[in-house]
Amino acid sequence: MASSLGPIQRPLSFGSTGPGAAMTVTYTARVANARFGGFSKLLLLWRGSIYKLLWRELLCFLGLYMALSAAYRFVLTEEQKRYFEKLVLYCDQYASLIPVSFVLGFYVTLVVHRWWNQYLSMPLTDALMCVVVGTVHGRDERGRLYRRTLMRYAGLSGVLILRSVSTAVFKRFPTIDHVVEAGFMTREERKKFENLNSSYNKYWVPCVWFCNLAAQARREGRIRDNGALKLLLEELNVFRSKCGMLFHYDWISVPLVYTQVVTIAVYSYFLACLIGRQFLDPAQGYKDHDLDLYVPIFTLLQFFFYAGWLKVAEQLINPFGEDDDDFETNFLIDRCFQVSMLAVDEMYDDLAMLEKDLYWDAAEARAPYTAATAFLMQQPSFQGSTFDITLAKEDMQFQRQDGLDAPPNEAHGDFLQRLLPVGAGMATSGLLGRRVSLLRRKNSYVSEESMAANCACAGAPDGAVPECGCEDPLLDLGQPEPESEPPTGPESPASVPASRPPAEPFTVVPMPGTRAPAPPWLPSPIGEEEESLA
């Protein structure tokens, strides 16, 4: 394994980006700010433009159109002209039945979505190298060898999958010998790779080597615990899954029938337009043929848009070629290789001295602004969209509920008293009565009049004995309850009036001698008032 350090330190010598190589066309800085005619600056660009993609097809369409026009005007006889004119009217009438925009729009949407997902599946090593730096320890030569070899295996797996899907990378590494010569693989590793008997793509083999080497580092104590090993292998699985997704994107294409339908729809539509958009002799009096021109301006624009749309899909359906806007796979290989080796080798355990930052004693840290951005300091921070709403003073007053005479702070006491059981034993619990009374005075939202209206015995005649307990002294919590001795024994059934059914037995729970702290659901003002009543 020590021999792997030799070739890995040599620079890559294959496939360097030359002046004629494809580079992604980036115009982001030109459209950073929206201005009048901002996109007009991009119309004259040639590389990556629609003109570069479409000029041959456009010249071909225009040439065929002009040939038919010249034949109609100068070659055909009068009888042949009349027949050609009928053919023109027929093609113009039925060409609109071809759903070009519908089929083409869905197809381009599918291709663009697939194109961006393929870029998200590019096997970049940034996350993996950070985990390797944090989990594989050792400043000695063997620790350095572990880290560099782990990242080399990851880079090798990325090279193997990219040379399987990208023509640019395959031209750079056409054989395994080129991969060995570039330093991604040693000769001993090449023997193991080629001796592995498998008829499938073996891009995953370096990932297995990575796992074996990580397990060996754990046994030697270079990886200090199983949690760190688990984190390292999980990040490797993310990297490997991206390699697998690139393989599947290359294997499973957009269904061929969909591509054929879109291509036939576009080509057949403009084949019909070659005839149906011809200018006819105005003397014949055909409808919509009052003007005779030689160049069909709007038909050419329509061809430019629809055929250009098809060209966009044609370019993006496989971004691993050598078009202007295809992915720069060779650049990504170089970048990931160099950055990962710097991170796990030269930057390992390399920290600057800890110092207090510039805003150590500042209560509100704020970075300075240049003169060009000083106006941003005067702008208030965003607090929320409702903070700018203004209300009139009378609209900000709280209102009582309709039909209530009592203030809105008298509500929950009556509701709570309906939930309490009614009995002779409950009348002796003075502490509970005081608390309920306080709740009634503090939190009630229902007046006593409305309480009486809701009572079932409110309509009872005068003198009648209420059966619902509305006249029970416990419910009249505003009046003090005189203390009475508890009954010495259970009440006999004979003493119960015949008109009233016997009361159900209940258990009297004695209250503790010392008062416990107020429950957490009681607000603090109630607790304070209770202390004054005690």
Side-chain angles (χ1 to χ4, degrees), residues 12 15-17 21-32 39 42 45 47-50 52-53 104-131 151 154-173 184 201 203-204 206-207 234-256 258-259 262 308-340 343:
L12 301 177
S16 59
T17 304
M23 291 289 290
T24 302
V25 180
T26 301
Y27 58 88
T28 310
R30 304 191 183 194
V31 293
F39 281 175
L42 309 177
L45 298 180
R47 286 192 62 254
S49 65
I50 188 63
K52 184 178 180 180
L53 281 177
L104 191 57
F106 275 99
Y107 184 74
V108 174
T109 302
L110 171 65
V111 169
V112 171
H113 182 71
R114 175 187 172 92
W115 164 77
W116 183 244
N117 283 339
Q118 288 183 78
Y119 183 77
L120 295 180
S121 300
M122 291 293 293
L124 305 179
T125 57
D126 296 59
L128 185 59
M129 72 185 184
C130 293
V131 177
M151 293 311 303
L156 174 60
S157 182
V159 169
L160 292 179
I161 189 59
L162 287 175
R163 71 183 293 269
S164 302
V165 302
S166 173
T167 57
V169 177
F170 184 82
K171 289 180 179 180
R172 180 180 182 179
F173 306 109
F184 287 100
N201 192 311
Y203 69 89
W204 47 269
C207 294
E234 285 178 349
E235 195 59 47
L236 174 69
N237 281 331
V238 173
F239 181 85
R240 189 215 57 80
S241 64
K242 290 185 176 181
C243 295
M245 284 304 300
L246 288 186
F247 181 77
H248 290 302
Y249 273 120
D250 186 67
W251 179 21
I252 307 298
S253 304
V254 176
L256 181 61
Y258 201 177
T259 303
V262 173
W309 215 356
L310 183 63
K311 278 293 182 180
V312 169
E314 181 181 336
Q315 187 180 41
L316 299 184
I317 195 170
N318 183 11
F320 295 102
E322 296 179 284
D323 295 326
D324 289 339
D325 278 318
D326 284 344
F327 300 153
E328 297 182 47
T329 48
N330 283 316
F331 170 80
L332 290 175
I333 289 175
D334 294 339
R335 183 259 176 199
C336 290
F337 182 80
Q338 183 184 95
V339 170
S340 61

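This is a predicted model, so every value here is computed, not measured.
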d(T167 OG1, K171 NZ) to nearest 0.5 Å is 6.0 Å

So which atom in S164 and which in N201 form the shortest heavy-atom distance, rounded to 0.1 Å?
OG-ND2, 3.0 Å

Could I get the full list of side chain to side chain contact (heavy atoms under 4.5 Å, CB included) partners for T329, not counting sequence neighbours?
M122, L162, S166, A168, V169, F320, F327

R172 and D334 ion-paired at < 4.0 Å
yes

Return yes if some donor-acceptor pair links the side-chain N/O of D326 with the main-chain N/O of D323 below 3.5 Å, else return no.
yes

Rounded to the nearest 0.5 Å, the CZ atom of F239 sits from the CG atom of L124 at a distance of 8.0 Å

Sub-3.5 Å donor-acceptor pair from the side chain of S157 to the main-chain atoms of A154, do we have one?
no

Could you state the interatomic distance from CD (Q315) to CD1 (I50), rounded to the nearest 0.5 Å?
8.5 Å

To the nearest 0.5 Å, what is the distance between OG (S340) and CE (M151)?
4.5 Å

Please identify each residue that fulfils ring-ring contact (aromatic ring centres under 6.0 Å, His included) with F106, with sequence neighbours left out.
F102

Any heavy-atom pair between the side chains of L246 and P123 that's under 4.5 Å?
yes

For residues 112-129, which residue pairs qualify under salt bridge (charged side-chain N to carboxylate O under 4.0 Å, His left out), counting only residues two or more places apart or in two chains?
D126-R335

Here the pair of heavy atoms bringing P206 nearest to L160 is CG-CD1, 3.9 Å

Inter- and intrachain pairs under side chain to side chain donor-acceptor pair (under 3.5 Å), touching residues 239-255, at least two apart:
none

Kindly write out the residues that satisfy ring-ring contact (aromatic ring centres under 6.0 Å, His included) with Y107, not counting sequence neighbours, or none if the list is empty.
Y258

Point-to-point distance, once rounded to the nearest 0.5 Å, from CD of E314 to OG1 of T259:
10.5 Å

Donor-acceptor under 3.5 Å (E235 side chain, V131 main chain):
no

Sorted by chain and residue number, the side chain to side chain contact (heavy atoms under 4.5 Å, CB included) partners of F170 (sequence neighbours excluded) come out as R163

In this structure, which one of V262, L316, N318, V312 forms a side-chain contact (heavy atoms from CB on, under 4.5 Å) with V111?
L316

Non-hydrogen atoms of E328 and T24 that approach each other most closely
OE2-N, 2.8 Å

Is there a side-chain contact between F247 and C243 (heavy atoms, below 4.5 Å)?
no

Are any of the side-chain heavy atoms of I317 and W115 separated by less than 4.5 Å?
no

Can you find a heavy atom in the side chain of T125 that is under 4.5 Å from one in the side chain of V339?
no

Taking the side chain as every heavy atom from C-beta outward, state whether L45 and R30 have any atom pair closer than 4.5 Å.
yes

